[in-house]
There are 2 protein chains.
Amino acid sequence: MQSYTEENYLKIIYHLSVISNPVQTNAIAERTQTKAASVTDMLKKLSDKELVDYVKYQGVTLTEKGKLMAINIVRKHRLWEVFLVEKLNFKWDEVHEVAEELEHINSTLLTERLDEFLEFPKVDPHGDPIPDQYGNFADLSFIKLSKLKVNDKGTITGVSEHSSPFLKHLEKLGLTLGKKIEVSEIIDFDGSVELLIDYKKINISREVALHILISK
Amino acid sequence: MQSYTEENYLKIIYHLSVISNPVQTNAIAERTQTKAASVTDMLKKLSDKELVDYVKYQGVTLTEKGKLMAINIVRKHRLWEVFLVEKLNFKWDEVHEVAEELEHINSTLLTERLDEFLEFPKVDPHGDPIPDQYGNFADLSFIKLSKLKVNDKGTITGVSEHSSPFLKHLEKLGLTLGKKIEVSEIIDFDGSVELLIDYKKINISREVALHILISK
DNA sequence: AATATTTTTTAGATTTGTCTAAATTTAAAA
DNA sequence: TTTTAAATTTAGACAAATCTAAAAAATATT
């Protein structure tokens, strides 16, 4: 059984290894809000437990065992986020901190029953995929427009909000099913997105981007 | 903000102080699965934080501040138990361990939204009362028969299970509304209860006792 | 009341996760 | 390629929560 702290390191290494592999000490220190020296100590410990492959001065990679643990924490985090938003009416930006705590509750029964209660969601409220209990991610045919990076292209294939004001709004902007779009800019300030569609530039709010589904 | 460990001590002192006040060091050591020496250390610490009144060799009492914190933990524990049983179909004997972890999640928003989601339950699945967010317990006019001790007397005033097989069973045993009962024995082995009713002794299972409401 | 027993506390040590400051290694620049 | 800068590790220390063993206080027994 791992400690709360060890679990956090595994999760952070998992997320960082998407960006660069192996993961550097300083990157981990920044995320854990600790110092590089503390990270080194912990990496040795995780290495002893065979949860990471650690080479001095080179960085770390998760072992298969460590990766499964990390994915399990991600799974719990995202399931709890769905719970908070769908059942307890949290707003999408209120869930993170609480989910950071809930993800460390260790009970297989709890996790699986929660999954069932939520009707086996495939994505969390931010559009991130939820792995199953074996660590497999469903290969989603679409992702939320809000998940695209600048210069990413795709085709509008669905929406996750079906109210008529929202759909009318999309209609008016020309954002209809099958349309090809390209992200030209993401405004940090409010998360709004500038799109290239039919050779024209339009701007949509983050709120709208969250509810448009894109396939590549 | 208190640590996980400090919260546990407060909760345990709260529960033990119902039995004896002030609470002795050894009693706490037994419950926390630690040694008396460790308890002494922690009591000093909690005393410094003004969460307990601690007199060497005499024992501890919670301060008003400490008591409120303890009650808040009990509140969360019992709300989560309701959630696990009502929403996730846990059995009443499967909830304790998980609730022991969930009770330490600190988010007022979460606790209050959960309370609302569960429609403000007044008792947990074991029949124990759930305090409100200010630490007040509703003075329940009834408690579950399973909560009575040997020699306790009371009157049957309701049931918490309304299926017809259950009600027929009660009818057959003579356990009808308004009947006066006295607990003559509680069998440790299976939790079944021996009752004195109409000058006769009858035996009911723990399962049945759990669903009969008694007023004194 | 004196002695024995139980309970509690103190003293000193250990483990986990962290820190600072100095030393080492790797990467970048001249 | 030598020098400089950045990243990383080591060494030694600290706080939290725990332990064992021994001392002190309270309680029970003769």
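In what follows, chains are A, B, ... by sequence order, proteins preceding strands, each numbered from 1.
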Establish, with yes or no, whether the OP1 or OP2 oxygen of [N] is under 4.0 angstrom from a side-chain nitrogen or oxygen of [X].
X: A/Y57; N: C/dA23; value: no
X: B/K44; N: C/dT9; value: no
X: A/K35; N: C/dT20; value: yes
X: A/T25; N: D/dT9; value: yes
X: B/N26; N: C/dT8; value: yes

Using a 6.0 Å distance limit plus a 45 degree cone around the ring axis, check whether B/K122 lies over the aromatic ring of B/F137. no

Determine the contact category for [X]: base if any of its heavy atoms lies under 4.0 Å from a base atom, sugar-phosphate if only primed atoms, P, OP1 or OP2 are that close, otherwise nothing.
X: A/T5; value: sugar-phosphate
X: A/Y54; value: sugar-phosphate
X: B/Y4; value: nothing
X: B/S38; value: base

Indicate yes or no: does B/K180 engage B/D198 in a salt bridge with an N to O separation below 4.0 Å. no

Separation of [N] [atom2] from [X] [atom1] (nearest whole Å):
X: B/E30; N: C/dT7; atom1: CD; atom2: P; answer: 10 Å
X: A/K49; N: C/dT16; atom1: NZ; atom2: C1'; answer: 10 Å
X: B/L43; N: C/dT7; atom1: CG; atom2: C1'; answer: 13 Å
X: A/D48; N: C/dT15; atom1: CG; atom2: P; answer: 14 Å
X: B/Y9; N: D/dA16; atom1: OH; atom2: C1'; answer: 12 Å
X: B/Q58; N: C/dT9; atom1: CD; atom2: C1'; answer: 13 Å
X: B/D41; N: C/dT14; atom1: CG; atom2: P; answer: 16 Å
X: A/Q24; N: C/dT26; atom1: CD; atom2: P; answer: 14 Å

Mapping B/V23 and A/T32 to their closest nucleotides on DNA chain C, which lands nearer the 5' end? B/V23

Under 6.0 Å between ring centres: does that hold for A/Y4 and A/Y9? no

Quick one: which of B/D132, B/D115, B/D128 gives a salt bridge (Lys or Arg N to Asp or Glu O under 4.0 Å) with B/R75? B/D115

Closest heavy-atom contact between B/S192 and B/S205? CB-CA, 4.0 Å

Of the listed nucleotides (D/dC19, C/dT9, C/dT18), which one gets closest to any side-chain atom of B/A36? C/dT9

